[in-house]
Amino acid sequence: MSYNQQKAKQLLQDGYSYSEVAESTEYSEGGVRQANYKRWGVDYFAAFRNRIEDDGIPSRLDVSDRFGNWFAGLFDGEGSFIARVQRRETYTALSFAVKIALRDDDAEVIDHVQSHLGGNVHRDERNQPSSRKGSADQLLWRMSAISDLCEIVVPLFDQYGLRSKKHSEYQIWREGVVECYIRTRGGLAGGSDYDDAFLQEMEELCENLKAERRYD
């Protein structure tokens with residue numbers, strides 16, 4: 001085996017993605033994938049799990065303490081943790097997200113959040129026939145990419161703790177997000193490592209999250 005082959009295989013064994021290995025060797029991404037499938041047989045997912053357990057989840061959070069504490073307070077009052085398993089005849093979807101909903105006259109607050117954390121913003125039109133009469137339109141900030149949730153939101157709330165009942169909700173939600181992150185190799189591999197037992201665990205987690213939201 002050549003030095004280049006040895007390096008590529010070792011990087012895979014260390015938990016690096018096909019694209020990361022390609023960037024560090026003379027292989028193309030497709031070439032790394034094919035070589036692993038035909039010759040090396042590295043367990044791609046187990047290697048990534050070991051990498052995360054050894055090195056921790058990489059953080060892309062880049063905010064000041066002032067913003068971090070302010071955002072935690074805002075989320076305590078206006079934020080929501082989302083976890084959902086949707087089973088269909090042809091597929092099963094697992095999704096996680098965080099969101100903040102404010103009146104549209106608080107647009108500057110939503111813009112401030114997005115400028116620091118990313119995510120998406122859209123308007124919830126309340127002047128539809130099904131809406132309550134006189135209710136104001138809302139702006140929704142939402143983040144749902146598993147890589148963003150694990151590498152930005154999790155480090156944020158780990159460092160700037162929630163103080164309301166949402167702290168307990170966060171602990172439940174965090175468990176699912178981290179496991180989903182590992183099983184999708186940081187959001188790069190879709191749901192290819194979602195077996196039925198794992199999906200059942202996530203359905204139970206979703207029910208626990210709903211139960212934690214209920215008032216005693």
Side-chain angles (χ1 to χ4, degrees), residues 48-49 51-86 92-103 106 109-122 124 138-188 191 193-194 197-216:
F48 184 74
R49 179 180 292 277
R51 175 186 174 186
I52 295 303
E53 290 176 352
D54 291 342
D55 300 339
I57 296 167
S59 174
R60 292 186 284 119
L61 180 67
D62 183 18
V63 300
S64 66
D65 288 344
R66 180 178 180 181
F67 176 86
N69 286 311
W70 171 83
F71 180 81
L74 175 67
F75 199 92
D76 263 326
E78 308 295 343
S80 300
F81 293 109
I82 299 167
R84 184 177 296 116
V85 178
Q86 295 175 296
T92 299
L94 171 61
S95 59
F96 291 89
V98 288
K99 74 173 183 178
I100 291 175
L102 296 175
R103 287 166 50 108
D106 283 323
V109 176
I110 293 293
D111 291 342
H112 188 57
V113 171
Q114 187 182 35
S115 69
H116 282 73
L117 299 179
N120 299 301
V121 175
H122 68 273
D124 180 15
Q138 286 188 326
L139 284 179
L140 302 179
W141 171 82
R142 180 184 177 98
M143 182 175 282
S144 58
I146 198 68
S147 58
D148 291 340
L149 295 176
C150 220
E151 296 173 9
I152 298 175
V153 175
V154 166
L156 191 155
F157 286 135
D158 282 354
Q159 183 172 353
Y160 306 102
L162 297 163
R163 298 181 182 276
S164 69
K165 194 174 181 180
K166 287 194 177 74
H167 174 75
S168 298
E169 294 178 28
Y170 170 62
Q171 298 304 319
I172 297 170
W173 178 89
R174 184 188 191 281
E175 178 184 346
V177 167
V178 171
E179 185 61 26
C180 185
Y181 179 86
I182 291 173
R183 285 175 176 259
T184 61
R185 292 187 52 84
L188 297 175
D193 200 33
Y194 292 171
F198 171 67
L199 290 171
Q200 289 180 12
E201 289 179 15
M202 292 299 99
E203 286 176 326
E204 182 177 346
L205 181 145
C206 292
E207 290 303 314
N208 290 340
L209 185 59
K210 290 178 182 178
E212 189 62 34
R213 290 196 189 105
R214 298 189 189 107
Y215 292 103
D216 296 330

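Note: hydrogens, waters and symmetry copies are ignored here, and every other heavy atom, side chains too, is used.
- Around atom CZ of R84, no more than 12 heavy atoms belonging to other residues, nucleotides or ligands sit under 6.0 Å away.
- Here the shortest heavy-atom pairing between G187 and I146 reads CA-CG2, 3.2 Å.
- Here the CZ atom belonging to R213 is positioned 4.0 Å from the CG atom belonging to L209, to the nearest 0.5 angstrom.
- Residues K210 and E207 meet the side-chain proximity criterion, which asks for heavy atoms closer than 4.5 Å.
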Report task. Before giving the answer on side-chain contact (heavy atoms from CB on, under 4.5 Å), spell out for V113 and W70 the whole-Å C-alpha distance, their side-chain angles and the decisive distance to 0.1 Å. Result -> CA-CA 10 Å; V113 171; W70 171 83; 3.8 Å; yes
Requested in this report: Just do the side-chain contact (heavy atoms from CB on, under 4.5 Å) check on V153 and R174 with the steps written out, would you?
Outcome: CA-CA 9 Å; V153 175; R174 184 188 191 281; over 6 Å; no
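- Side-chain contact between V109 and E78 is absent, with no heavy-atom pair separated by less than 4.5 Å.
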Report task. Show your working on side-chain contact (heavy atoms from CB on, under 4.5 Å) between L117 and L156 and close with a plain yes or no. Result -> CA-CA 10 Å; L117 299 179; L156 191 155; 3.8 Å; yes
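- Atom-to-atom distance recorded for L205:CG and L199:CG is 12.0 Å, nearest 0.5 angstrom.
- Below 30°, between 30° and 60°, or above 60°: for F48 and Y181 the angle between ring planes is between 30° and 60°, a tilted geometry.
- Put simply, the side chain of W173 does not reach to within 4.5 Å of the side chain of N208, judged on heavy atoms.
- Around atom CD of E204, no more than 12 heavy atoms belonging to other residues, nucleotides or ligands sit under 6.0 Å away.
- In summary, K166 and E169 do not engage in a salt bridge, as defined by a charged side-chain N under 4.0 Å from a carboxylate O.
- Using a 30° and 60° split on the angle between ring planes, F198 and Y194 fall in the tilted class, from 30° to 60°.
- Atom CD1 in I57 sits 11.5 Å away from atom OG in S147 (nearest 0.5 Å).
- At least one side-chain heavy atom of F96 sits under 4.5 Å from a side-chain heavy atom of L94.
- Atom CG of L162 and atom CD of Q171 lie 9.0 Å apart (nearest 0.5 Å).
- Note that CG of L139 is 12.0 Å distant from CD1 of I100, once rounded to the nearest 0.5 Å.
- When the shell of 6.0 Å around CD of E175 is examined, it contains 12 or fewer heavy atoms from other residues, nucleotides or ligands.
- Nearest approach of V63 to H116, heavy atoms of both residues: CG1-O, 4.2 Å.
- Checked against the 6.0 Å centroid criterion, the rings of F81 and F157 qualify as a close aromatic pair.
- A distance-only check finds a donor-acceptor pair linking the side chain of Y170 to the backbone of V154 [under 3.5 Å].
- Taken to the nearest 0.5 Å, the CG atom of L74 stands 9.5 Å off from the CH2 atom of W141.
- For CG of D62, the number of neighbouring non-hydrogen atoms (other residues, nucleotides, ligands) closer than 6.0 Å is 12 at most.
- Taking all atoms of both residues into account, the shortest heavy-atom contact from D76 to S164 is OD1-OG, 2.6 Å.
- The two atoms that bring A101 and Q138 nearest to each other are CB-OE1, 3.9 Å, heavy atoms only.
- Between S168 and E212, the shortest heavy-atom distance links the atoms CB-OE2, 3.2 Å.
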Report task. Any chance you could lay out the side-chain contact (heavy atoms from CB on, under 4.5 Å) test for Q159 and D65, step after step, and finish with the verdict? Result -> CA-CA 9 Å; Q159 183 172 353; D65 288 344; 3.9 Å; yes
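- Nearest approach of K99 to F75, heavy atoms of both residues: O-CE1, 3.7 Å.
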